[in-house]
Protein chains: 2
Amino acid sequence: MRQKRGGRAAGVTMEDVARVAGVSAMTVSRVLRQPTLVNADLKARVEAAIRETGYIYNLVASSLASQRSGIIALILPTVASSIFTDSVKGVSDVARTHAVQMIMAETNYSPAEEEKVIEALLRRRPDGFVIVGVSHTRATRALLEKSGVPVVETWDSTPTPIDSLVGLSNFDAMKAMTEALVAQGFRRIVFVGTATPDRRAQMRAKGYEAGIAEAGLGAPLILNAGDLTSMESGRIVAERIAALRPRPDAVLCLNDVLAAGALLAFQRMGIAVPADIAVAGFGGLDFSSHLNPSLSTVDIPRYEMGQKAAEMLLGRIAGTAAQGGTCEMGYRIMLRESTGGSRPTEAKAS
Amino acid sequence: MRQKRGGRAAGVTMEDVARVAGVSAMTVSRVLRQPTLVNADLKARVEAAIRETGYIYNLVASSLASQRSGIIALILPTVASSIFTDSVKGVSDVARTHAVQMIMAETNYSPAEEEKVIEALLRRRPDGFVIVGVSHTRATRALLEKSGVPVVETWDSTPTPIDSLVGLSNFDAMKAMTEALVAQGFRRIVFVGTATPDRRAQMRAKGYEAGIAEAGLGAPLILNAGDLTSMESGRIVAERIAALRPRPDAVLCLNDVLAAGALLAFQRMGIAVPADIAVAGFGGLDFSSHLNPSLSTVDIPRYEMGQKAAEMLLGRIAGTAAQGGTCEMGYRIMLRESTGGSRPTEAKAS
DNA sequence: CTGAAAGCGCTAACAA
DNA sequence: TTGTTAGCGCTTTCAG
C-alpha cells in the first residue's frame with residue numbers, strides 16, 4: 001500500500017510488481033497479456049513478484065488505456081423469468097470461455113426503459129450488446145448506431161437489425177402450434193396473452209390469428225391474463241375461460257408459465273385436461289414435460305440462442321464477422337398429453 | 001471524434017463538452033455529479049452542450065480517477081436456478097435505486113471455482129460483494145480480507161462472517177419442517193438431497209436428521225437425487241423411493257424443484273399424494289402453491305434477502321454501517337395439501 | 001525482447 | 001462558484 005497526494009490509499013500496482021521483479025511495468029504487462037513475447041527468466045521473476053506482492057490486475061485502468069472493457073452487455077425484459085435464464089446461461093458460458101465478462105440489465109418490457117438502460121450501460125463502454133428483442137425507440141437505435149458498438153439482437157426477427165441478428169420467428173412458431181391444434185381436431189381455440197404485450201407477444205398472437213384464419217375457424221378469441229406472466233395469472237384466466245359459453249375446446253398460451261397455471265387451475269376446478277379442454281404453451285420449459293398431463297409446447301432452443309448470439313457478438317468485436325450477419329433459429333412443436341397426444345409427438349420446423 | 005497519437009479514434013469527451021459550453025472540464029464533471037454546486041446558467045449551458053455533442057459519460061475513466069467503480073458483484077452458485085432469481089432481483093432493484101450496477105458470476109457450487117470467480121471480479125474493482133453462502137476456501141477469504149472490499153454473505157448462517165451477514169438457518173428451517181411432518185403423524189420420512197451438496201444443502205440434511213433424532217424415529221434415511229437440482233432428478237429419485245419396502249410415508253426434499261419432480265412422478269406412477277405418500281419441499285417457490293395437490297414447503301424470503309443484503313452492502317460502502325453487521329431472516333413452514341393439510345396451514349418461525 | 005514516454009478521460013485537492 | 005494541476009494504473013507507440 002502506498003500513500004499519494006492527499007492521502008489516497010491504493011493497492012499494489014503493476015509498477016510495484018515491476019520494482020520487485022526488477023523489470024519495467026511494460027514487461028509485467030506483457031507477462032500478463034502476451035506471455036510468449038517475454039523471456040522465460042523474466043517471466044518467472046515477474047510471476048514470482050506477482051505472487052509475492054498479491055498483485056491484482058486492474059481492469060479499470062486497462063480498459064481506459066486500451067479502449068476495450070472486456071465487457072459485453074445483455075439487455076433483457078426481465079431477469080426474474082425462467083424463460084430467459086437459459087439464454088442468459090448461453091451468453092454467459094460463451095463469454096466466460098473468451099475471458100469476457102457479462103453485465104445484465106432489464107427493461108421490464110418497456111422500450112423507454114430499454115433506452116435508459118442502454119444509455120446507462122454505454123457509460124461502462126461495453127465492447128458489445130446482446131439485446132433480446134428487435135423493437136426499440138428511435139433514440140435507442142440512433143444511440144447504438146452512433147456508439148459504433150456491435151449489437152446482436154435476438155428472440156425475435158426482423159429484416160432490418162441494428163447490426164446482427166440471431167432470429168426467432170414467434171409468428172411462425174405460434175402459427176405452427178395453432179395449426180397443430182387444428183390438426184388435432186380442436187375448433188374453439190382461445191389464445192391467452194398478457195395485458196402489456198411486447199412485440200414478441202404480439203407476433204405470437206398474430207401467428208395464432210393467422211392459423212385460425214387459414215383454418216377458416218371464424219373469429220379468433222384472445223384473452224389477456226393480467227400484466228405479467230405468472231402461474232397465478234394463468235390460474236385467473238383459466239377461471240374466466242371456464243365460464244365461457246360455449247366453452248373453448250383448447251387454450252393456447254403465450255408461454256409455458258401461463259399454460260401451467262391454467263392447466264393446474266382447470267384440474268382444480270374439476271375440468272379435465274385434455275378431455276374437457278386442451279392446453280398448450282410456448283417455450284419448452286423444463287417443467288412442461290413433467291406435468292400431469294404433460295404440457296404441449298413449442299420448444300425453443302433458448303440456451304443455443306444465447307450461445308449463438310454471444311458467439312456472433314464476439315466475432316463482431318474481434319472484427320472477424322461482418323455487420324448484418326443473421327441466423328434464424330428453429331422451433332419444435334411438442335404435442336404431448338395436454339392436447340390429447342397419447343404419446344409424445346414431435347414435429348420439427350424451420 | 002478526434003484523432004490522437006497513433007491514430008486512435010475516440011468519442012466525445014468531457015473536454016469536448018467543456019469547450020462547446022465555454023467552461024472547464026471540471027465544471028462539466030460537477031454538473032454531472034454535484035449539480036447543486038454549479039451556477040444555474042452554466043449548468044444550462046453545459047447541459048445544452050452535452051445534448052448537442054451527444055456526450056456519453058465515461059464511467060471507466062471516472063472509476064479509475066475516483067477509485068470507485070459503482071459496481072457491486074453478486075456471487076451465486078448458479079444463475080440458471082429459479083431458487084436464486086428472486087434474490088438476484090432483490091439485489092438488482094436496490095442497486096438500481098442507488099445508481100449502482102450489479103455484476104453477477106456463478107460458482108457452480110464449487111468453492112474452488114468461487115475463488116477464481118472472485119479473483120476475476122476483483123480485477124474490476126467492485127465496490128462490494130454479495131456472496132451466496134458462507135463456505136469459502138481459505139484463499140478466498142484472505143483475498144477478500146486483503147482487498148478491503150465490503151462483503152455481505154447470505155443464504156446461510158455463521159458466527160464468523162467475512163464482513164457482514166444476512167443470515168438464514170437452513171438447519172433450523174429444515175428441522176422445523178421435519179418436526180411439522182412428525183406432528184402430522186408421518187413416521188417414515190425420507191430426505192432427498194443432491195450428490196454434490198454444498199453447505200446449505202448439508203445444513204438442511206442435518207436439520208432433517210436432528211428432527212428425526214429428536215422425535216426418536218430411528219435412523220434417518222437420505223437419498224441423493226443426482227448431481228443437480230431438476231425436476232428430472234426428482235422424478236428419478238421418486239422411482240427409487242417407490243420401490244423401497246416398507247415404503248416411506250413422507251418425502252422431504254432439499255428444494256421445491258426436486259419436490260415437484262417427485263410429486264408429479266408419484267402421481268404418474270399411480271401413487272397418490274398425500275394418501276400413499278406425502279411430499280414436502282423447501283424454498284417457497286411460486287409454483288408450489290399451484291400444484292395439485294399444493295406442495296408443502298418452507299417459505300424463504302428470497303427477494304427480501306437479496307434486498308437486505310444489497311442495502312447492508314451499500315451501507316458498508318458508504319461507511320454508514322459497521323463491519324460485522326448481522327441480520328437473520330426467518331422462514332415459514334407452509335403445510336399444504338401434499339402433506340395432508342386439508343386447508344393451507346401456516347406456522348411462523350424465527 | 002525490453003523500456004521510456006505519452007497518453008486514455010476523468011476527478012481530488014487546492015487555488016483563485 | 002469555478003478553474004488549474006496532478007495524477008488514477010494501465011497500454012500504445014516507438015526506440016533501442
Side-chain angles (χ1 to χ4, degrees), chain A residues 1-19 21-46 49-50 53 55-70 122-125 127 147, chain B residues 1-19 21-46 49-50 53 55-70 122-125 127 147:
Chain A
M1 304 288 179
R2 302 152 315 143
Q3 289 288 110
K4 290 216 175 159
R5 181 168 182 205
R8 273 199 233 160
V12 180
T13 71
M14 207 172 251
E15 201 82 42
D16 298 331
V17 174
R19 203 171 304 117
V23 299
S24 75
M26 244 346 275
T27 299
V28 177
S29 175
R30 287 199 185 96
V31 167
L32 262 18
R33 301 163 17 102
Q34 322 170 63
T36 55
L37 300 185
V38 181
N39 173 293
D41 271 15
L42 280 194
K43 202 177 102 183
R45 258 161 58 199
V46 168
I50 288 174
T53 55
Y55 171 65
I56 294 176
Y57 186 58
N58 188 331
L59 272 170
V60 177
S62 166
S63 300
L64 180 59
S66 68
Q67 305 283 61
R68 308 178 91 268
S69 62
L122 237 16
R123 299 201 249 267
R124 298 266 172 214
R125 299 297 190 265
D127 296 334
S147 76
Chain B
M1 305 287 177
R2 301 153 313 141
Q3 289 288 111
K4 288 216 177 161
R5 183 167 180 202
R8 274 200 233 160
V12 179
T13 72
M14 206 173 251
E15 200 81 42
D16 299 331
V17 174
R19 201 170 307 119
V23 298
S24 75
M26 232 6 258
T27 299
V28 177
S29 175
R30 287 199 186 96
V31 168
L32 260 19
R33 298 162 20 103
Q34 320 169 64
T36 55
L37 299 186
V38 180
N39 173 294
D41 271 13
L42 281 194
K43 203 176 97 180
R45 255 161 59 198
V46 167
I50 287 175
T53 56
Y55 172 65
I56 295 176
Y57 187 56
N58 188 333
L59 273 170
V60 176
S62 166
S63 299
L64 180 60
S66 67
Q67 306 283 61
R68 307 177 95 266
S69 62
L122 237 14
R123 299 201 248 270
R124 298 266 171 215
R125 299 298 190 265
D127 295 333
S147 76

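Note on naming: letters A, B, ... go to the chains in the order of the sequence lines (proteins, then strands), and numbering restarts at 1 for each one. Only a predicted model underlies this, so the values are computations on that prediction, with no experimental measurement involved.
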Axis-to-axis angle for the helix from C:dC1-D:dG16 to C:dA16-D:dT1, ends of five pairs each, to 10°, equals 30°
Sequence neighbours excluded, the answer for side chain to side chain donor-acceptor pair (under 3.5 Å) partners of B:Arg45 is none
Value for CZ (B:Arg30) from CG (B:Asn39), rounded to nearest 0.5 Å, stands at 12.5 Å
Output for pair (A:Lys43 NZ, A:Leu32 CG), nearest 0.5 Å, gives 11.0 Å
From CG of B:Asn58 across to P of C:dC10 the rounded distance in Å is 5 Å
Numerically ordered, the residues 31-45 of chain A set in heavy-atom contact under 4.0 Å with DNA chain D is A:Arg33
To the nearest angstrom, the CD-C1' distance between A:Glu15 and D:dC8 comes to 13 Å
When rounded to the nearest 0.5 Å, the distance separating CZ of A:Arg33 from OG of A:Ser66 is 6.5 Å
Any side-chain N or O of B:Thr27 less than 4.0 Å from the OP1 or OP2 oxygen of D:dT2?
-> no
Assign each of A:Arg68 and A:Val60 the nucleotide of DNA chain D bearing its closest heavy atom; nearer the 5' end lies the nucleotide of A:Val60
**Asked** When you check the phosphate oxygens OP1 and OP2 of D:dT12, does a side-chain N or O of A:Gln67 lie under 4.0 Å from one of them?
**Response** no
Side chain to side chain contact (heavy atoms under 4.5 Å, CB included) filter on A:Thr53, not counting sequence neighbours, yields A:Val12, A:Val17, A:Val20, A:Tyr55
In whole angstroms, the gap separating C1' of D:dT2 from CE of B:Met26 amounts to 9 Å
Among the nucleotides D:dT11, C:dC10, C:dA12, whichever has the atom closest to the side chain of A:Met14 is D:dT11
Worksheet item: Between A:Asp127 and A:Arg68, is there a donor-acceptor pair closer than 3.5 Å when you use the side chain of the first and the backbone of the second?
Response: no
Of B:Arg30 and B:Ile56, the one whose nearest nucleotide on DNA chain C sits closer to the 5' end is B:Ile56
A:Leu64 atom CG is separated from D:dG7 atom C1', nearest whole Å, by 12 Å
Sequence neighbours excluded and cut-off under 3.5 Å, please list the side-chain donor-acceptor pairs for residues 56-63 of chain A, or say none.
| unit_1 | atom_1 | unit_2 | atom_2 | d |
| --- | --- | --- | --- | --- |
| A:Tyr57 | OH | A:Ser62 | OG | 3.2 |
| A:Asn58 | OD1 | A:Val60 | N | 2.8 |
| A:Asn58 | OD1 | A:Ala61 | N | 3.1 |
| A:Ser63 | OG | A:Leu59 | O | 2.6 |

Verify the contact: side-chain N or O of A:Ser24 to OP1 or OP2 of C:dG3, cut-off strictly under 4.0 Å; return yes or no. yes
### Query
Can you check whether A:Ser24 reaches A:Thr27 side chain to side chain, under 4.5 Å on heavy atoms?
yes
Note to self: Looking at the base of C:dG9, is there any donor atom on it, or on the side chain of A:Arg125, that sits under 3.5 Å from an acceptor on the other one?
What the structure shows: no
Winner on side-chain proximity to B:Ala65, out of C:dG9, C:dG7, D:dG3, is C:dG9
_Is the phosphate of C:dT11 approached by B:Ser29 (side-chain N or O, under 4.0 Å from OP1 or OP2)?_
yes
Check: Quick one: is B:Thr13 getting a side-chain N or O under 4.0 Å of the C:dG9 phosphate, OP1 or OP2?
Finding: no
Those residues at least two apart in sequence (or on a different chain) that pass side chain to side chain donor-acceptor pair (under 3.5 Å) with A:Arg124 are B:Gln101
